[in-house]
2 protein chains.
Amino acid sequence: MGIKERKERHKEDLRQRILDAAKVLFLKEGYDATSIRKIASAIEFSPTTIYLYYKDKNDIIYALQKEGFKLLRTKFSALSNVENPFERLKAMGRTYLQFSIENREFYELMFVMKEPLEFLENVCGEGEEEQWDEGVEAFSFLVHTIADCQQAGYFGGHDTRMFSLLIWSTVHGLSTLNMHGHITHVVEKHLVELQDGGQILEAAFNNYIKFLEQLKS
Amino acid sequence: MGIKERKERHKEDLRQRILDAAKVLFLKEGYDATSIRKIASAIEFSPTTIYLYYKDKNDIIYALQKEGFKLLRTKFSALSNVENPFERLKAMGRTYLQFSIENREFYELMFVMKEPLEFLENVCGEGEEEQWDEGVEAFSFLVHTIADCQQAGYFGGHDTRMFSLLIWSTVHGLSTLNMHGHITHVVEKHLVELQDGGQILEAAFNNYIKFLEQLKS
DNA sequence: CAAACATAGTTAACAGTGTTAATATTTGCA
DNA sequence: TGCAAATATTAACACTGTTAACTATGTTTG
């Protein structure tokens, strides 16, 4: 039955090639420019062929989102061997912010856009329930780091998971405010001594770290 | 020259009617469903007429964004008469979060979507420079409230504007994480004792307030 | 071996989208 | 009343996601 397997492999192969073509388009030109027809012409197939491998466009976008989460996880798991929990927390924050800048389209796909969630709820939700495991895992990593920080004397008396959520919110808020132009267009008007939004973002994060550092009993 | 004035008024009138129709569509059905043709048929004009009053779709979306900022400002300015600065800060946070829930589409338009910024930079930016005045003003209001808090003994030793940015980030982060499903799909898995995302959001904000309250010298 | 069948891919089409050029209509003023 | 300017319209372009119908291809079975 080697033939069937080879066909299976060919099928998986084409599925991956579709995803790769979509990724190139998406990262370079964004969501709107990633049209079914452009993906199809990139892999030199007819547009309708894509529907034999993905249910619809959101299916492809959802698959791309999973790739994004995988990428962020590799960056996070490189921090596992940072012994000092507070240093690990700092590194996580820096990594998160850097990811949002260097992989802007991915970040938007993972944390902002509605399309992957729509696919998850309208289609994938039929018994699958696999939803956003990578995200849950990444948050787990944060919660454990915060717990370690508390063991080391930081953030005493706060609920670990609530505090984790608040820290995530702050860093996520910083990255999205930056990404969507609010730091350059609003905050810059108040902090004229700092030139561009990138500098403000950097300074804000450093301030935040200094602030958290003081929360040690 | 009364005739010219009446024509001017009629022109402004139609411009407003276009915006109103767009608003109804946008708030009910979202950005994608707010098509030029649907707006046109709502006001019973030809689609191309709209281009006599707005440069393009993003122009309309930008105008809608300004309405959103105006709405948020009225909610904020109602808090001006809260004497106690920390109480005012609490009320601002609550108002901001509530706005993001009750006016979800507006919030997305004001703080998340790329279209208004695109219009601002590609078109409006030709010498106009009026950019996001409402937003700058709202942030000013926050900065002043934080300054008042510092006068009252809170947040000692921190740069006022940086601290304001961090507080905005946290609340904005909370609202967007909630809006985009990350609280229900990620955090909920860790906080199983709290039922829905709304409860978690409420609890997280209350925790944040309690946390800030402790930062008094 | 030949007929039936499943698979993979195609073309054509539908119902939309934003936007522009060319055309028509209405209006105000000399 | 005639002309010019303002205003609105029709037709068209170049796209979009998606589906139905059709055609090859290769496999399985009678």
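Below, chain A is the first sequence line, B the second, and so on; all start at residue 1.
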(request) Take atom CG of B:D59 and atom P of C:dG18, then tell me their distance rounded to the nearest Å. (result) 14 Å
(request) Give the rounded distance in Å between these two atoms: CD1 of B:I36 and C1' of D:dT16. (result) 16 Å
(request) State whether B:T48 places a side-chain N or O below 4.0 Å from either non-bridging phosphate oxygen (OP1 or OP2) of C:dT19. (result) no
(request) Determine, for A:R94 against A:E202, whether the closest basic-nitrogen to carboxylate-oxygen distance falls under 4.0 angstrom. (result) yes
(message) Within the 3.5 Å criterion, strictly below it, is a donor on A:Y107 or A:S175 matched to an acceptor on the partner's side chain?
(response) yes
(request) Could you state the atom-to-atom distance from OH of A:Y31 to C1' of D:dT16 in whole Å? (result) 10 Å
(message) Rounded to whole Å, please give me the gap between NZ in B:K57 and P in C:dT19.
(response) 8 Å
(message) Expressed as a whole number of angstroms, how long is the span from A:I60:CD1 to D:dT16:P?
(response) 13 Å
(message) Please report the distance, rounded to the nearest Å, between CG in B:L52 and P in C:dT25.
(response) 17 Å
(message) Please classify the nucleic acid contact of B:Y54 as base, sugar-phosphate, or nothing, using heavy-atom distances under 4.0 Å.
(response) nothing
When you compare the protein's N or O atoms with those of nucleotides 12-15 of chain D, which come within less than 3.5 Å of each other, and at what distance?
none

(message) Between A:H180 and B:F111 (judged by ring centroids, cut-off 6.0 Å), do the two rings come close enough to count as a pair?
(response) no
(message) Students often get this wrong, so: under 4.0 angstrom with heavy atoms, is A:Y51 touching a base, only sugar-phosphate, or nothing?
(response) base
(message) Quick check: on DNA chain C, is the nucleotide nearest A:F45 upstream (toward 5') of the one nearest B:K55, or the reverse? Name the residue that is more 5'.
(response) A:F45
(request) Using a strict cut-off of less than 4.0 Å between a Lys/Arg side-chain nitrogen and an Asp/Glu carboxylate oxygen, indicate whether A:K57 and A:D59 qualify as a salt bridge. (result) no
(request) Hey, could you give me the CG/CG distance between A:D32 and B:D32, rounded to the nearest 0.5 Å? (result) 8.0 Å
(message) What's A:D32 touching, base or sugar-phosphate or nothing? Going by heavy atoms closer than 4.0 Å.
(response) nothing
(request) Calculate the interatomic distance between B:D13 atom CG and D:dA8 atom P; express it in whole Å. (result) 11 Å
(request) Check the distance between C:dT19's C1' and B:F119's CZ and give it to me in whole angstrom. (result) 15 Å
(request) Could you tell me if the ring centre of B:F211 sits under 6.0 Å from that of A:F163? (result) yes
(message) Between the side chains of A:E134 and A:K66, is the shortest nitrogen-to-carboxylate-oxygen separation below 4.0 Å, so that they form an ion pair?
(response) no
(message) Of the listed nucleotides (C:dA8, C:dG18, D:dT10), which one gets closest to any side-chain atom of B:S46?
(response) D:dT10
